Undergrad: 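So that we are looking at the same thing, I have put the structure below in structure tokens.
In what follows, chains are A, B, ... by sequence order, proteins preceding strands, each numbered from 1. These numbers were taken from a predicted model, which means no experiment stands behind them.
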Amino acid sequence: MVTAVLSLGGIGLLSAVALGVAAKRFAVEVDPRELALLELLPGVNCGACGFAGCSGYARALVKGEVPPDLCPPGGNDVAVKLANILGVTATLSEPQVAVVFCQGDNRKTKTKFRYLGMADCVAAQRLADGPKLCPGGCLGLGSCERACPFGAIEMTADGLAVISRELCTGCRKCVAACPRQVIRMIPLSATVQVLCNSHDSGTLVRKYCSIGCIACQICVKTAPEAYRVDERLAVVISNQYDEAVPAVAKCPTHCIRDFHDGYPEGSSFSPPRPNAA
Amino acid sequence: MAMFLTTFPGGLHPPELKLTARQPVEACPLPDQLVVPLSQHIGAPAIACVTVGQKVGKGEVIAQAKGFVSVPVHAPTSGEVVALEPRPHPQGRFLPAVVIRPDGADTWVDSLVPADPATLSVEDMVERIRAAGVVGMGGATFPTHVKLTPPVDKPISTLLINGVECEPYLTSDHRLMLEEPARLLAGIALVRRILGADRVVIGIEANKPDAIALLTEKCAGLDIEVVPLAVKYPQGSEKQLIQALNGREVPSGGLPMDVGVVVQNVATLAAVADAVIEGKPLIERICTVTGPAVTSPKNLRIRIGTPLSHLVGICGGMRDVPGKIILGGPMMGMAQLSLEVPATKGTSGVLLLRTADVSFAPEGPCIRCARCVHGCPVRLAPTTIAACVRLERFADAEQWHAMDCIECGSCSYICPAGLPLVQAIRHAKATILARRRR
């Protein structure tokens with residue numbers, strides 16, 4: 001018994017010494033600033049900066065290869081802190097959020113055929129351009145929801161993706177996951193948006209969707225400084241969001257959304273607080 | 001005898017349901033409008049060379065081929081071009097088509113040049129086939145002239161004739177073999193000369209004994225073997241047919257010419273005979289209009305571009321609201337959005353199922369029964385590839401040889417959990433190809 005304790009203890013002691021020596025002798029030199037930067041980064045490894053993970057970005061930052069404002073989840077706060085450590089100035093930019101430019105869930109939009117395949121938007125889009133009659137609308141199979149590292153996307157019971165403006169960090173993973181480019185980035189201050197992605201004519205849109213833009217120009221007539229119609233689809237002109245509000249109630253198909261009033265129907269997200277938006 | 005018929009490993013035997021096997025081919029009257037899509041073949045779509053209002057003769061070129069892997073498209077009858085616009089296409093999209101209103105005279109264009117094949121060189125014959133717009137009529141619609149010009153380092157020793165017709169319901173190839181053996185044999189002789197093939201084998205599933213007997217008799221003394229094959233799906237798939245008839249497996253990622261073989265469908269060979277000898281373009285084909293929702297299923301000789309609604313009308317209309325409209329057979333055919341789409345060069349059949357015949361069961365969990373693995377004629381593990389796809393691990397799917405899938409649908413058919421296995425593998429193939437291009 002004593003022999004066993006001694007021999008095992010001895011092996012342990014020897015190994016500890018060997019490891020200790022190795023740790024000193026073969027230590028990898030890490031710039032302390034890199035560790036400090038890594039500490040500041042959100043650590044979700046979303047890849048929005050263009051690197052495989054936060055550590056890659058931290059390494060590139062220390063080498064001075066990239067600016068400190070590439071981390072959308074960190075936002076301006078993190079950019080400033082990173083810049084302070086590196087001794088540079090960060091260019092501050094307005095935070096961006098992703099928005100699904102569609103409110104046509106399965107009850108509001110008609111389909112071409114009954115889809116019984118894989119629950120994957122890209123796979124569904126490859127089958128005759130997807131089951132929805134609308135060529136631009138949300139397919140509702142949740143590819144963006146699965147791509148989101150922050151749990152900021154929910155699928156409503158009727159199959160519509162809704163993105164929380166509070167949880168979204170602007171990493172753009174959902175933008176890449178969507179086969180129909182119905183998710184786009186907008187500044188957080190853009191509180192009024194025309195949530196439709198169909199450039200079809202109004203007559204056609206009316207045939208398949210009850211909440212799509214029919215390019216009737218009523219919003220343009222109500223608030224000419226805030227709206228224009230591009231290729232049969234109304235858009236809100238940048239920075240004219242307050243001016244755009246009066247037209248929200250006038251839209252005959254209710255496709256203009258003021259995010260102060262809450263999210264599209266069926267969403268469980270609570271309306272964004274005025275100061276958050 | 002049946003036990004020892006040659007075949008390939010894997011596969012399965014769905015109900016044959018050949019309702020129209022004994023129905024002689026009937027000529028289908030011309031519809032009011034023919035919608036001729038410019039994309040009826042694999043490869044670049046043809047480019048229209050007619051204008052709205054132009055009068056065209058039967059067989060006149062209405063669209064020119066674009067590039068080598070492409071074929072021209074011809075007017076299926078004489079008449080007037082009334083529109084040149086996107087129309088519903090069997091692929092489920094609106095694609096450009098030439099719409100022709102028949103004048104009823106059905107007069108051939110006078111530029112057709114019959115020829116004596118004995119005086120034609122191999123190159124001349126291949127050019128006549130290309131100019132006639134001949135494509136693989138078994139359903140894949142690959143331009144035939146491309147298949148007939150293999151690279152010089154791939155000598156072709158064997159010509160296999162595909163008279164298998166393993167899809168349930170379809171009988172168009174069966175009827176062609178029974179009713180027009182002379183056209184078929186003329187086509188075989190021409191293609192044999194073009195390829196310089198020593199061995200010619202016609203493979204026919206053993207459920208068509210009349211066709212086997214007839215062709216055996218007609219081929220006597222012509223150095224053409226007629227081989228009955230086990231009744232098993234997908235026996236008519238090119239690579240599986242080669243395995244059954246030639247005992248050789250086409251290597252992963254390879255083509256039949258890698259094992260010295262070219263496979264041609266019987267309907268294609270008949271079209272080749274018309275093209276080379278008579279100079280006639282491919283403007284008609286035999287099509288089986290069938291299924292439990294059709295009042296009187298028939299084999300029809302149809303013009304390319306005939307809307308499906310017209311075909312169904314000729315067959316006495318529908319006896320029930322269709323639950324599914326399929327172009328081709330039930331295993332590999334393409335579901336259609338409406339009867340507005342036209343029949344194309346690859347339309348071997350139109351199948352109308354009732355709602356009661358279609359399974360709408362949602363997919364369940366995989367129970368690891370491995371029926372898909374046993375059924376796969378390429379010996380893949382469909383459930384594993386589908387799992388990789390679900391996890392978006394497309395590189396892993398490629399390692400599991402997703403690219404070798406022939407999309408025969410055996411795995412989806414046999415899966416007791418109703419998993420969309422073929423869709424998952426097709427999705428993997430498309431994604432892998434897209435990533436390679438990047």
Side-chain angles (χ1 to χ4, degrees), chain A residues 45-47 50 52 106 109-137 139-149 153 155 157 159 171-181 198-201 203-205 207-208, chain B residues 86 88-95 322-327 334-338 340-341 353 355 358-364 366 382-383 385-394 397 402 407 409 412 415 417-435 438:
Chain A
N45 298 325
C46 68
N106 293 335
T109 315
K110 293 194 182 122
T111 54
K112 287 186 272 197
F113 57 91
R114 195 163 157 186
Y115 179 72
L116 288 166
M118 288 175 70
D120 181 286
C121 299
V122 183
Q125 178 71 10
R126 281 186 173 137
L127 276 184
D129 293 336
K132 264 197 179 167
L133 263 169
C134 175
L139 288 172
L141 295 167
S143 288
C144 54
E145 184 194 25
R146 289 187 290 276
C148 180
I153 306 183
M155 303 304 302
C171 76
R172 295 165 188 260
K173 283 214 147 176
C174 51
V175 176
C178 178
R180 292 189 138 195
Q181 289 85 45
S198 172
H199 289 279
D200 279 338
S201 70
T203 5
L204 204 54
V205 171
K207 275 187 191 152
Y208 56 66
Chain B
H89 186 276
Q91 281 173 18
R93 301 182 166 99
F94 277 71
L95 292 177
K324 212 171 202 179
I325 305 161
I326 299 173
L327 270 195
M334 257 201 275
Q336 298 299 315
L337 298 174
S338 76
E340 257 180 77
V341 300
L353 300 173
T355 315
V358 186
S359 162
F360 293 106
E363 68 174 271
C366 172
T383 181
I385 299 174
C388 294
V389 172
R390 228 175 359 257
L391 299 170
E392 306 204 352
R393 289 163 67 162
F394 293 104
E407 301 175 19
S412 291
C415 179
L419 297 175
L421 295 167
V422 189
Q423 193 201 2
I425 301 174
R426 287 180 66 146
H427 178 43
K429 287 170 79 172
T431 308
I432 292 165
L433 282 178
R435 289 189 179 179
R438 233 190 281 147

Undergrad: Considering only heavy atoms, which portion of B/T431 lies under 4.5 Å from any heavy atom of chain A: side chain, backbone, both, or neither?
TA: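 Contact with chain A involves both backbone and side-chain atoms of B/T431.
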Undergrad: Identify the residue among B/E392, B/Q423, B/R390 that makes a side chain to side chain contact (heavy atoms under 4.5 Å, CB included) with A/D120.
TA: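 So the option named by the test is B/E392.
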Undergrad: If I take atom NZ from residue B/K324 and atom CZ from residue A/R114, how far apart are they, to the nearest 0.5 angstrom?
TA: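 Rounded to the nearest 0.5 Å, the NZ-CZ separation comes to 10.5 Å.
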Undergrad: Is the number of heavy atoms from other residues, nucleotides or ligands under 6.0 Å of B/R93 CZ greater than 12?
TA: yes
Undergrad: Where do B/E363 and A/M118 come nearest, in terms of heavy atoms and distance?
TA: OE2-CA, 4.5 Å
Undergrad: Provide the closest heavy-atom pair for A/G117 versus B/P420 in the form atom of the first, atom of the second, distance.
TA: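 Heavy atoms of A/G117 and B/P420 come nearest at C-CG, 4.0 Å.
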Undergrad: Can you say whether A/A147 sits under 4.5 Å from chain B via the side chain, the backbone, both, or neither, judging by heavy atoms?
TA: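 Interface part for A/A147: neither.
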Undergrad: Tell me, yes or no, whether the heavy-atom count around B/R426 atom CZ, taken from other residues, nucleotides or ligands under 6.0 Å, exceeds 12.
TA: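 Counting other residues, nucleotides and ligands, CZ of B/R426 stays at 12 neighbours or fewer.
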Undergrad: Is A/D129 in contact with chain B via its backbone, its side chain, both, or neither, using a 4.5 Å heavy-atom distance?
TA: both
